Amino acid sequence: QVQLVESRGGLVQTGGSLRLSCSASGRTFSDYTMGWFRQAPGKEREFVAGISWRSIGLVYSDSVKGRFTIARDNAKNTVYLQMNSLKLDDTAVYYCAARASYTTSRSWPEYRYWGQGTQVTVSS
């Protein structure tokens, strides 16, 4: 069992930055691939970024590539999502998730453990 807790999101203007963090407890954090997903109202859950256990496999969706950075600190059992140049379309509830595998996946059903989600709102 892995418990995931995201940091509080927030309200930010377009072009601004925000960093989310997700703290894990339970099983050995380094055994898990971590991912960030988001879901906007009326839309399906969307993959944002993923990072393998040794931070070798970094994967981003096309919509955030070059603007968002995922990182993890296995010593702190924490994964981060640095979001820069935020756009209105980035408004969503953001979730971190854990997958018991050493490889990254874009598919949300492959992630077994989920945080409670945190709201990120980008305003003009």
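Here the structure is a predicted model, which means the values were calculated and not measured.
- Ser107 is linked by a side-chain contact (heavy atoms from CB on, under 4.5 Å) to Ser105, Pro109, Glu110, counting only residues two or more places apart in sequence or in another chain.
- Using a 4.5 Å heavy-atom cutoff, the side chains of Asn74 and Arg72 are in contact.
- Residue pairs that meet the ring-ring contact (aromatic ring centres under 6.0 Å, His included) test with at least one member in residues 55-86, sequence neighbours left out, do not exist here.
- Although no hydrogens or angles enter the test, the distance criterion places no donor-acceptor pair under 3.5 Å between the side chain of Thr104 and the main chain of Gly50.
- Using a distance-only test at 3.5 Å, with no hydrogens or angles considered, no donor-acceptor pair links the side chain of Thr33 to the main chain of Arg99.
- Side-chain contact between Arg38 and Leu81 is absent, with no heavy-atom pair separated by less than 4.5 Å.
- Asp62 and Lys65 are joined by a salt bridge, as a carboxylate oxygen and a charged side-chain nitrogen come within less than 4.0 angstrom of each other.
- Two residues are said to be in side-chain contact when any heavy atoms from C-beta on lie closer than 4.5 Å; Lys76 and Phe29 fail this criterion.
- A donor-acceptor pair under 3.5 Å links the side-chain atoms of Thr91 to the main chain of Val122, judged by distance alone.
- Through side-chain heavy atoms spaced under 4.5 Å, either directly or across other Ile, Leu, Val, Met, Phe, Trp or Tyr residues, Trp114 is tied to Phe37, Phe47, Val59, Val93, Tyr95, Trp108, Tyr111.
- Remark: side-chain polar atoms of Glu6 are paired, donor with acceptor, to backbone N or O of Gly117 under 3.5 angstrom.
- By the 4.5 Å heavy-atom criterion applied to side chains, Asp90 and Met83 are not counted as neighbours.
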